[in-house]
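Index from 1, following the sequence.
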Amino acid sequence: MNLHTLRQWLPFLNWPRPTKNLLKGEFIAGMTVGLMLVPQGVAYAALAGMPLVTGIYASLIPAIVAVLFSSSTRLGVGPTALTSLLIGASLTGMAEPGSAHWVSLAVWLAILSGLLQAVVGLVRFGWLVSLITSPVLTGFTQAAALLILLSQLPALLGMRTSWHAFFSNPSIHHFDYTALAFGIGSVIALSLTKKIRPTFPGAILVITGAGLISWSIGFADRGGDVIGHLPSGFPSLYLPGWLSFDEFGALILPVMMVALVSFLETASSAKIEHQREGTLWNENQDLIAQGLAKISSGFSGGFATSASFSRSALNMYAGAQTGWANLFATALVLVALLWLMPELYHVPDAVLAAVVVTAVTGLFKPGELLRLWKISRVEAGIGIVTFVITIATAPRIYWGVLVGVVANLCFFLYQRMHPRIIEVGEHPDGSLRDRHLWQLPVLAPHLLALRMDAELDFASAASLERRVTSELQKRPDLRDVCIFASPINRIDITGVETFQRLRAQMQKRGGMLILSGLKLPVEQRIERAGALTGDANLALYRTDTETLAALRKRAEG
């Protein structure tokens with residue numbers, strides 16, 4: 001294996017040699033992200049239904065693995081709100097949240113989704129991410145953000161009972177007012193900090209302040225909901241117990257959705273990084289890196305990770321240039337894991353809910369669906385359907401993505417099977433345009449001149465044949481058919497057979513089939529089928545100008 005290939009598989013070998021100035025800037029950026037990563041890791045672990053310390057586990061080794069093997073070195077990898085919600089929603093009903101069996105299921109989910117991503121990257125199938133279009137992703141993201149916000153409301157408001165109990169017997173006694181004050185106060189403080197100074201690690205400051213206040217007033221001693229004891233120390237190797245066949249079957253869809261959605265999170269951040277740098281994004285290498293990160297998270301007792309859009313943006317905003325910044329961030333996580341876990345004991349659960357709510361409010365943008373509606377009502381409709389199905393099928397929210405993908409593929413196939421086919425006329429500026437739209441005269445008497453803006457394949461061939469046959473039946477005076485074929489970039493066997501039938505149809509009518517601008521690869525495939533032999537009723541012209549001149553001459557003759 002030569003050095004170039006080695007650098008492709010091990011991207012960290014491309015990092016610049018560290019210098020004092022470089023490491024100084026990377027240290028500042030890393031500390032900024034690391035101070036956000038610790039509280040978010042704990043908060044997102046709660047969202048995933050996992051023991052809170054596993055959020056720190058998922059922020060350590062997976063982040064190191066991801067940055068070493070990723071082509072996008074400034075991505076903030078670790079727990080994210082969207083992936084954590086998917087984990088918690090997917091495992092609901094399979095085990096008790098936080099239990100040993102729940103942890104085992106979550107670890108298997110991380111390992112299997114990581115294996116799927118790594119394999120997809122190894123076989124260079126990163127293009128599959130294009131199956132999730134912007135409307136589908138928008139609809140799912142908005143629904144997921146709304147579900148996350150709703151899931152955090154009880155803890156944020158200090159509710160002691162369920163919503164059902166509250167609406168059955170409304171009373172102020174359902175709320176813990178101290179927890180409510182912690183929750184609302186934290187949201188206000190986090191929002192103000194984010195607005196005034198986006199790079200300031202407000203989350204760690206708010207959590208520290210809330211923990212001190214909680215300790216001083218004895219909130220935990222009075223029965224208040226707090227984080228409680230978190231074990232310190234480096235994570236040990238975790239080997240999950242073997243699941244039953246039914247449980248593995250139940251994880252198939254969640255594994256696919258976690259792998260797909262988490263990589264979409266990665267793509268949204270990676271594209272911005274590479275666009276700013278003017279470099280080419282290697283999505284397959286990032287798939288491998290994200291897959292290995294998930295696997296390492298599972299074997300360290302954590303859950304599936306992803307690239308956080310907010311932390312990645314903060315990393316770049318703070319001036320990170322290389323992967324060294326992420327290594328400094330993980331060093332801070334390690335310090336917290338080894339020595340600072342006891343200090344989180346008194347932090348109220350309401351503050352963790354505030355951290356999640358503040359992070360997710362940036363995702364919740366209902367106006368996005370309205371923006372899509374102005375561009376394309378059909379695609380916006382797909383986004384709305386995705387949104388509705390995601391909400392309606394909660395906690396099995398992955399059905400929203402599946403329905404959205406299927407609906408989008410159906411729309412894509414419909415468009416491919418109904419291509420734009422126009423009858424052309426010559427515009428005064430010399431271009432060929434839609435004759436009926438621009439009210440142009442025919443190119444020549446007794447001539448049907450068509451242009452199909454699509455490939456001539458199994459999807460579109462029937463539409464072209466149907467259009468020609470329909471026009472010939474409606475207009476008995478037509479003698480010749482001219483197809484301006486320059487937009488046809490590819491033809492398959494079905495397209496060739498359609499061409500042969502059209503030629504036979506024109507021969508039967510005693511007319512001429514004229515082809516203009518046929519591209520060489522298309523012409524060669526038709527020729528290999530023997531469909532260009534003989535020229536009694538077939539004429540080929542290389543350019544549209546040559547075709548128009550021949551049509552004028554034919555009309556004059």
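Residues Val424 and Ile422 are in side-chain contact: their nearest non-hydrogen atoms beyond the backbone lie under 4.5 Å apart. Two residues are said to be in side-chain contact when any heavy atoms from C-beta on lie closer than 4.5 Å; Ile488 and Leu518 fail this criterion. At least one side-chain heavy atom of Ile64 sits under 4.5 Å from a side-chain heavy atom of Leu327. Here the side chains of Ile526 and Ile491 are in contact, with some heavy-atom distance below 4.5 Å. Within the 4.5 Å cutoff, the side chain of Arg435 has no heavy atoms near those of the Leu443 side chain. Taking 4.5 Å as the limit, some side-chain heavy atom of Gln40 sits within range of a side-chain heavy atom of Arg311. Using a 4.5 Å heavy-atom threshold, the side chains of Phe499 and Leu502 count as separate. Val67 is listed as a side-chain neighbour of Trp15, based on a closest heavy-atom distance under 4.5 Å.
Judged by distance alone, with hydrogens and angles left aside, the side-chain atoms of Ser151 form a donor-acceptor pair with the main-chain N or O of Ile148 at under 3.5 Å. With hydrogens and angles ignored, the 3.5 Å screen pairs a side-chain donor or acceptor of Asn326 with a backbone N or O of Leu75. In this structure, Ser90 contributes its side chain and Ile87 its backbone to no donor-acceptor pair below 3.5 Å. Put simply, the side chain of Thr83 never gets that close to the backbone of Pro79: no donor and acceptor are under 3.5 Å apart. Without hydrogens or angle criteria, Arg377 side chain to Lys374 main chain gives no donor-acceptor distance under 3.5 Å. Using modelled atom types, no side-chain atom of Arg433 and backbone atom of His427 make a donor-acceptor pair closer than 3.5 Å. In this structure a side-chain-to-backbone donor-acceptor pair under 3.5 Å is present from Ser463 to Met417. A donor-acceptor contact shorter than 3.5 Å is absent between the side chain of Lys294 and the backbone of Ile111. Side-chain N or O atoms of Gln285 include one that pairs as donor or acceptor with a backbone N or O of Phe69 at under 3.5 Å. Under the 3.5 Å distance criterion, the side-chain polar atoms of Ser460 are matched with a main-chain donor or acceptor of Asp457.
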Intermediate values then yes/no, side chain to side chain contact (heavy atoms under 4.5 Å, CB included), Thr138 and Leu372: CA-CA 9 Å; Thr138 298; Leu372 294 177; 4.1 Å; yes
Stepwise side chain to side chain contact (heavy atoms under 4.5 Å, CB included) check, Val77 with Gln290: CA-CA 8 Å; Val77 176; Gln290 293 295 320; 3.5 Å; yes
Evaluate the side chain to side chain contact (heavy atoms under 4.5 Å, CB included) criterion for residues Met506 and Leu472: first the C-alpha distance (whole Å), next the side-chain angles of each, then the deciding distance (0.1 Å), finally the verdict. CA-CA 10 Å; Met506 297 311 300; Leu472 292 176; 4.0 Å; yes
Given the rule in the side chain to side chain contact (heavy atoms under 4.5 Å, CB included) test, do Val357 and Thr361 qualify, once you have shown the distances and angles that lead to the verdict? CA-CA 6 Å; Val357 166; Thr361 49; 4.2 Å; yes
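Considering all non-hydrogen atoms of both residues, Ser113 and Leu109 come closest at OG-O, 2.6 Å. Taking both residues in full, the closest heavy atoms of Gly400 and Thr390 are given as CA-OG1, 3.3 Å, listed atom of the first, atom of the second, then distance. Heavy atoms only, all atoms of each residue included: Thr498 and Ala461 are closest at OG1-CB, 3.2 Å. When all heavy atoms of Thr80 and Ser306 are compared, the closest pair comes out as OG1-CB, 3.7 Å. When every heavy atom of Phe411 is checked against every heavy atom of Glu379, the shortest pair comes out as CE2-CG, 3.8 Å. Heavy atoms only, all atoms of each residue included: Gly126 and Leu287 are closest at CA-CD1, 3.6 Å.
To the nearest 0.5 Å, the span separating OG on Ser84 from CZ on Phe303 amounts to 4.5 Å. With rounding to the nearest 0.5 angstrom, the CG atom of Leu147 is 10.5 Å from the CG atom of Leu47. We find the OG1-CG distance between Thr73 and Asp286 to be 9.5 Å, quoted to the nearest 0.5 Å. If you take CG on Leu402 and CZ on Phe140, they are separated by 10.0 Å, rounding to the nearest 0.5 Å. Interatomic distance, CD of Glu265 versus CG of Leu260, reported as 11.0 Å (0.5 Å rounding). Rounded to the nearest 0.5 Å, atoms CD (Glu455) and CG (Asp492) are 9.0 Å apart.
A 6.0 Å sphere centred on CG of Leu409 holds more than 12 heavy atoms belonging to other residues, nucleotides or ligands. Annotation for Met256: atom CE does not count as buried by contact number, only 12 or fewer foreign heavy atoms lying within 6.0 Å. Remark: Trp399 CH2 is loosely packed, at most 12 non-hydrogen atoms of other residues, nucleotides or ligands lying under 6.0 Å away.
For residues 107-135, the pairs satisfying ring pair (Phe, Tyr, Trp, His ring centres under 6.0 Å) are Trp108-Trp242, Trp108-Phe248, Phe125-Trp127, with sequence neighbours left out.
Side-chain atoms of Ser262 and Gln117 form a donor-acceptor pair, as typed in the model, at a separation below 3.5 Å. Side-chain contact of Ser310 with Ser308: a donor-acceptor pair under 3.5 Å is present, judged by distance alone. If you check the side chains of Asp429 and Ser431, you find a donor sitting under 3.5 Å from an acceptor.
Checked against ring pair (Phe, Tyr, Trp, His ring centres under 6.0 Å), His418 has the following partners two or more places apart in sequence or in another chain: Tyr414. Every salt bridge (charged side-chain N to carboxylate O under 4.0 Å, His left out) that Glu523 has, sequence neighbours left out, goes to Arg542.
Of the options Arg509, Gln507, Arg503, a side-chain hydrogen bond (donor to acceptor under 3.5 Å, both in side chains) to Asn537 is made by Arg503 and by none of the others. Checked against Glu426 for a side-chain contact (heavy atoms from CB on, under 4.5 Å), the options Val442, Asp544, Leu548, Leu551 give a single hit: Leu548.
A salt bridge is defined here as a Lys NZ or Arg NE, NH1 or NH2 lying under 4.0 Å from an Asp or Glu carboxylate O, and Glu423 with Arg475 meets this definition.
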